[in-house]
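Beneath this line is the structure, given in structure tokens, with notes to follow.
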Amino acid sequence: MQPTDPRIAVILPCYNEEAAIGTVVQDFRATLPQAEVYVYDNNSRDRTVEVARAAGAIVRREPLQGKGNVVRRMFADVDADIYVLCDGDVTYDVASAPAMIEKLLEEQLDMVVGCRVDHDAASYRKGHRLGNALFTGAVAQLFGNRFSDILSGYRVFSRRYVKSFPSLAHGFEIETELTVHALELRMPIAEVDTPYGARPEGSVSKLSTYRDGFKILHMILKLFKNERPLLFFSIIFLCLGLLSLGFGIPVIETYFKTGLVPRLPTALLSASIMLLGFLSLTCGLILDTVTHGRREIKRLAYLGVPAPAAGFPRTEAATSAHSLLNEANGLSPEVPLPIAAVATGHVER
């Protein structure tokens, strides 16, 4: 029996994207004609809803403000085998979607991230570039070095990822949570280089460099505490222990020399800080056991959904993109081309 085509859903969170959303919807409908395109409006005050609907998208609303709230709603409501998450601002390369989907299906992955490659310095602000590098480095140190762009909003997911993702984020920190969830469950994942461009005239970024940067940092620290409690509280224990010794060593030296404790308040302070340190270490040990149980439950929920089937036939759009990539690299259209070649032979819009 021949396998059927996978159901593909393109999900686009939007807030005041009247200038761009029509183009994004039309590009996805042309590139992935078999996919359903969903636009989730997040209290837009312009004509985003009307433009998206006129372009052929299925439009729904999410009243809770924030990208994290919208993504949580989309993951809960939309039913598909493959999910393509993208921003509605024309900055991401829609033509890369078939290759990302093909990679996910052929290698039975759970998430493929579109790693941004900007050809225009104006398209990627220096503050955002620096912040992304710092946050990516922090996540690599704490949870594993498997991503080079943790804040990309262009991702392809399997059904079992989407339906096992316990989203808690409210705003732009959602990308960090998506990344750490995959790292913690050790899911099969990959990155594909994709062009990243500037917004069209009339479209304004909703991302605040400092406000949202602090929110992302807070999310990383929160996930560090929740997912690595023993390490988190051990660091606190180490800091408190060193502080306690700093206060206590002079008191101990005086005691051995004179047999007296002339600075009793300092001695009590040192002992109290050390006690707090051991309480912190005890919390880490207990919460580490709790976290292990939570991780097992999330893993079982993840395993309760079938993996993406490797036998799905290649879609017409993916086949077309595959041939174009081969031609760009001087190969025959029939020659198998690794998906990694997207990095050197992008299909431009």
Will you find, in the side chains of Thr31 and Asp27, an N or O donor that is under 3.5 Å from an N or O acceptor? no
Decide yes or no for Glu50 and Ser44: does some side-chain heavy atom of the first lie under 4.5 Å from some side-chain heavy atom of the second? no
Distance-only, no hydrogens or angles: does the Thr48 side chain make a donor-acceptor pair with backbone N or O of Glu17 under 3.5 Å? yes
Go through it in stages, so that I can follow the logic: the residues are Glu191 and Lys103, the test is side chain to side chain contact (heavy atoms under 4.5 Å, CB included), and I'd like the CA-CA distance, side-chain angles, deciding distance and then a yes or no. CA-CA 10 Å; Glu191 285 186 324; Lys103 185 174 183 67; over 6 Å; no
Over 60° means perpendicular and under 30° means parallel, so classify the ring planes of Tyr154 and Tyr92, tilted if in between. tilted
Measure the CZ-OH distance between Phe75 and Tyr161 for me, rounded to the nearest 0.5 Å. 6.5 Å
Following the transitive rule for hydrophobic clusters with a side-chain heavy-atom cut-off under 4.5 Å over Ile, Leu, Val, Met, Phe, Trp and Tyr, establish whether Leu223 and Ile235 coincide in one cluster. yes
Using side chain to side chain contact (heavy atoms under 4.5 Å, CB included), reason through Met74 and Val71 one step at a time and then give a plain yes or no. CA-CA 5 Å; Met74 292 190 298; Val71 171; 4.0 Å; yes
Could you tell me whether the side chain of Asp81 and the main chain of Arg159 form a donor-acceptor pair under 3.5 Å? no
Same cluster (ILVMFWY, side-chain, under 4.5 Å), Leu276 and Leu230: no
So, do Leu231 and Phe224 sit near enough that their side-chain heavy atoms are less than 4.5 Å apart? yes
Flag yes if Ile174 and Leu168 sit in one hydrophobic cluster, no otherwise; membership is Ile, Leu, Val, Met, Phe, Trp, Tyr, and two members link when side-chain heavy atoms are under 4.5 Å apart. no
Tell me, do Gln34 and Asp5 make a side-chain contact under 4.5 Å, heavy atoms counted? no
To check you understand the geometry: which heavy-atom pair defines the closest contact between Met111 and Leu178, and what is its length? CE-O, 4.0 Å
In the single-linkage hydrophobic clustering (I, L, V, M, F, W, Y; side-chain heavy atoms under 4.5 Å), do Leu240 and Leu281 co-cluster? no
Taking Glu177 for its side chain and Ala169 for its backbone only, find out whether a donor-acceptor pair lies under 3.5 Å. yes
Tell me whether the count of non-hydrogen atoms from other residues, nucleotides or ligands lying under 6.0 Å of CD in Glu253 goes above 12. yes
If we count only N and O atoms by modelled type, under 3.5 Å, do the side chains of His292 and Glu296 hold a donor and an acceptor together? yes
Taking all heavy atoms of Ala55 and all of Gln26, pick out the closest pair and write down the distance. CB-CG, 4.1 Å
Just wondering, are more than 12 heavy atoms of other shown residues or ligands nearer than 6.0 Å to CZ in Arg61? no
As an exercise, state the distance from OG1 of Thr136 to CG of Asn145, rounded to the nearest 0.5 Å. 9.5 Å
Short side-chain to backbone donor-acceptor contact, Thr176 and Ile220, under 3.5 Å: no
Gln65 and Asn43: side chain donor to acceptor below 3.5 Å: yes
What distance do Glu36 atom CD and Asp79 atom CG have between them, rounded to the nearest 0.5 Å? 10.0 Å
Pairing of Glu227 and Lys298 as salt bridge, 4.0 angstrom limit: yes
Steps toward side chain to side chain contact (heavy atoms under 4.5 Å, CB included) verdict (Val39, Ile58): CA-CA 6 Å; Val39 170; Ile58 301 170; over 6 Å; no
For Thr291 and Pro229, the nearest pair of non-hydrogen atoms, with its separation, is OG1-CG, 3.3 Å
Nearest heavy-atom pair of Val84 and Ile8: which atoms, and what distance? CG2-CG2, 4.2 Å
Checking salt bridge (Lys or Arg N to Asp or Glu O under 4.0 Å) against Glu184, which of Arg294, Arg299, Arg295 comes through? Arg295
Is the shortest side-chain heavy-atom distance between Asn42 and Lys67 below 4.5 Å? no
A side-chain contact here means heavy atoms from C-beta on lying under 4.5 Å apart; do Arg146 and Ile189 qualify? yes
Taking atom CZ as the centre, does Phe247 end up with more than 12 heavy-atom neighbours from other residues, nucleotides or ligands that are less than 6.0 angstrom away? no
Side chains of Tyr302 and Asp110 only: does a donor on one sit below 3.5 Å from an acceptor on the other? yes
Whether Thr91 side chain and Gly197 backbone form a donor-acceptor pair below 3.5 Å: no
Indicate yes or no: at least one non-hydrogen side-chain atom of Lys215 is less than 4.5 angstrom from one of Phe172. no
From OG1 (Thr254) to CD1 (Ile249), nearest 0.5 Å: 12.0 Å
Arg29 atom CZ, over 12 foreign heavy atoms within 6.0 Å: no
Looking at every non-hydrogen atom in both residues, tell me the closest pair between Asp149 and Val113 and how far apart they are. O-CG1, 3.9 Å
Pairing residues for Ser164 by the side-chain hydrogen bond (donor to acceptor under 3.5 Å, both in side chains) criterion, not counting sequence neighbours: none
How long is the gap from CG on Leu32 to CD1 on Ile82, to the nearest 0.5 Å? 11.0 Å
I'd like to know if the side chain of Tyr15 and the backbone of Gly66 have a donor-acceptor N/O pair within less than 3.5 Å. no
Is there a side-chain contact between Leu12 and Phe28 (heavy atoms, below 4.5 Å)? yes
salt_bridge(Glu62, Arg72) N-O dist < 4.0 Å: no
Between Gly277 and Phe237 the two heavy atoms that sit nearest each other are O-CD1, 3.1 Å
Would a distance-only check, ignoring hydrogens and angles, find a side-chain to backbone donor-acceptor pair under 3.5 Å from Tyr83 to Ile11? no
Can a donor-acceptor pair be found between the side chains of Arg155 and Thr179 at a distance below 3.5 Å? yes
Spell out, yes or no, whether Leu303 and Met187 are grouped together once hydrophobic residues are joined by side-chain heavy atoms under 4.5 Å, including indirect joins. yes
If you round to the nearest 0.5 Å, how far is CG of Leu85 from CG of Asp87? 7.0 Å
In the structure I gave you, are the side-chain heavy atoms of Asn132 and Arg116 within less than 4.5 Å of one another anywhere? yes
Please confirm whether Phe157 and Phe165 have ring centers closer than 6.0 angstrom. no
Hey, mind stepping through Asp288 and Phe233 against side chain to side chain contact (heavy atoms under 4.5 Å, CB included) and telling me if it holds? CA-CA 10 Å; Asp288 187 62; Phe233 286 101; over 6 Å; no
